[in-house]
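These notes are about the structure you will find just below.
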Amino acid sequence: MTALQHVRLGTYYVVPMASSDDFDEWRDHARRLLMADVPPDRVAWTEPGGSAGDLFSHGDRRLPVPDHDATPPRVSKRFMNIAKTVLLNSDPTRFSLLYRVLWRLQTKPRLIEDMADPDVRAMADMARAVRRDIHKMRAFVRFRVVEEEGGPNESKSEHYVAWFEPFHHILRHNAGFFTRRFANMRWSILTPRGSLHWDGETLREGPPATRADAPGGDPAEDLWRSYYASIFNPARLKVGAMLKEMPRKYWKNMPEAQLIPELIAGAQAREATMVEKGAIDMGERPETLAAIDKAIHACARCPIGELNNAAVMGEGPQDAQRFSGLMIVGEQPGDQEDLAGRPFVGPAGQLLDVHLAQVGIDRSAAYVTNTVKHFKYVQRGKRRLHQSPTAKEIDMCRWWVESERMIVQPRLVLAMGASAARGMLGRTVSITKARGAPIPLEDGSELWVTAHPSYLLRLDGAGREEQERLFRKDLAAVAARLTQLQAS
Ligand code: URA
């Protein structure tokens, strides 16, 4: 009996996955099933340790032998890229969803572009949730230091331990990020899905952990104090408000309160370090653009937000069909943007529109936003004159543009000017040196930098012509790259 007949007689296959996040394993099984012409509704995929349910209780666990004459499966790079991310989702239906889409792609090769298709939409949703989880883990893992006794002739050593609860199977995927970022520390990241241990040279994987395995549960006073010191957020320090909430007379009864004078004294220095490291804790990331819009209107973390101005939110299409994958980032709203409540509508925006049109970039298909959300100005008579934001103000505000990027998930970000580049990277780069080539971002997207259109407006004569030429050249490179990315 050939594999094909096998199926016609109504055989079901059960595919017990050995790993929850091994794309190669899924791909090998899927290829085999596909080449033996096994339709998706005849296959039950199970998580490691899971069961296939009643319907498949008599399923065949030996996968069919592929038909030698079968044509090898057709798989686009785009499908493969999304599928690799989808596979990390914790939804148990992901294996079968991917196989169903793979099956359908054989007769409808452009299926993956059809965002109206429920399977394709489900894939996009799962991939988005995974990417968000990856980001969250990178942003929110907090290590606690644990002192370990050395051998008889060794001194104590420090081991950093973090507890994190990911929603999806992203631990292994994020391992490289943490080993690069904390290369010189000894650390462990414990999660309910498994653990990672790095000794400065080798990464080991370990079994799932519980919260009780990590420091910080039921702390003694000393631990409680060090915990408080580690979560103390100088960016939020408002001494007046703090004294109002917690008058001094109560301090003596609170273990952590003994730290307060010291923490206040050290706050400025710590804030500078945190800003430098991009580690300011701004609380929970907003999950929607509407939430960001609301939050930036209430934001007065830096003096700019206290001027007579209104926050300007980014804008762009919200649906995958109209969004080109491009996010354009400027410095801050100007006078006209502040009045209109929209980015890039004044002179800089008009110049930008001219150049975008010349290189064939459709602005209405891009998400356009700013690094700093409020207009910074000095009043001169009736006029409000633009002031550049300081590096510290950019670093305070970049939380919002980063949050927008996580939600919008562009494939390519164009940062115009040094402030926008700092907003995306958390460090200063030279536009002259960085322009013309992509800078990889940690989520797999690309950053391109160019000059700010306001800079062009301040020039004239040959200097202006030359800078406009370079600006257009950068935009043309972005247009070309975007087309490539859209085709992949
Ligand atoms: N300059 C910017 O950086 N952004 C705007 O929205 C307008 C001018």
Side-chain angles (χ1 to χ4, degrees), residues 289 292-293 296-297 299 302 304-305 307-317 326-357 361-380 383-405 408 410 412-426 428-431 434-435 447-459 464 467-468 470-472 474-475 478:
L289 293 176
I292 298 177
D293 195 4
I296 59 176
H297 278 86
C299 184
C302 76
I304 312 180
L307 295 172
N308 184 16
N309 52 19
V312 176
M313 181 62 186
E315 64 177 23
L326 172 65
M327 174 164 162
I328 301 177
V329 185
E331 178 192 77
Q332 59 165 332
D335 183 63
Q336 298 204 23
E337 287 77 16
D338 177 55
L339 297 174
R342 293 184 50 213
F344 282 105
V345 291
Q350 287 158 26
L351 183 64
L352 172 66
D353 289 348
V354 168
H355 286 283
L356 287 176
I361 293 179
D362 177 5
R363 170 170 167 169
S364 70
Y367 184 82
V368 181
T369 191
N370 281 300
T371 306
V372 170
K373 298 302 179 199
H374 286 90
F375 174 38
K376 181 177 178 186
Y377 63 90
V378 281
Q379 193 80 41
R380 290 277 179 271
R383 295 184 61 207
R384 299 190 296 175
L385 300 183
H386 165 275
Q387 296 266 287
S388 299
T390 62
K392 192 168 156 186
E393 286 159 350
I394 294 170
D395 292 343
M396 285 277 180
C397 216
R398 61 188 290 265
W399 165 261
W400 302 120
V401 76
E402 272 292 289
S403 303
E404 281 173 285
R405 184 163 75 86
V408 173
L412 195 156
V413 181
L414 172 66
M416 300 188 300
S419 300
R422 186 176 177 105
M424 298 318 302
L425 292 169
T428 299
V429 290
S430 144
I431 301 297
R435 72 193 315 173
L447 174 69
W448 291 66
V449 300
T450 187
H452 194 285
S454 298
Y455 165 67
L456 306 179
L457 287 173
R458 288 195 296 272
L459 302 172
R464 163 100 174 240
Q467 287 304 321
E468 289 212 28
L470 292 174
F471 184 64
R472 211 164 33 246
D474 289 342
L475 295 192
V478 162

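We count ligands from 1, going down the list as the structure has it; atoms in each ligand are counted the same way.
Just one of His386, Glu337, Glu393, Gln387 meets the side-chain hydrogen bond (donor to acceptor under 3.5 Å, both in side chains) condition when paired with Gln332; it is His386. Leu470 pairs with exactly one of Arg472, Glu468, Gln467 by the side-chain contact (heavy atoms from CB on, under 4.5 Å) rule, that one being Gln467.
Interatomic distance, CD of Gln336 versus CZ of Phe375, reported as 10.0 Å (0.5 Å rounding). A distance of 4.0 Å separates CZ of Arg342 from CD of Glu315, quoted to the nearest 0.5 Å.
Annotation: ligand 1 has protein neighbours Gly330, Glu331, Gln332, Pro333, Gly334, Glu337, Pro343, Phe344, Asn370, His452, each with a heavy atom less than 4.0 angstrom from the ligand.
Counted by atom type alone, Glu404 and Tyr367 present one or more donor-acceptor pairs between their side chains at under 3.5 Å.
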Please list, one pair per line, the donor and acceptor atoms closer than 3.5 Å that link side chains of residues 344-352 to other protein atoms, with sequence neighbours excluded.
residue: Gln350; atom: NE2; partner: Val345; partner atom: O; Å: 3.2

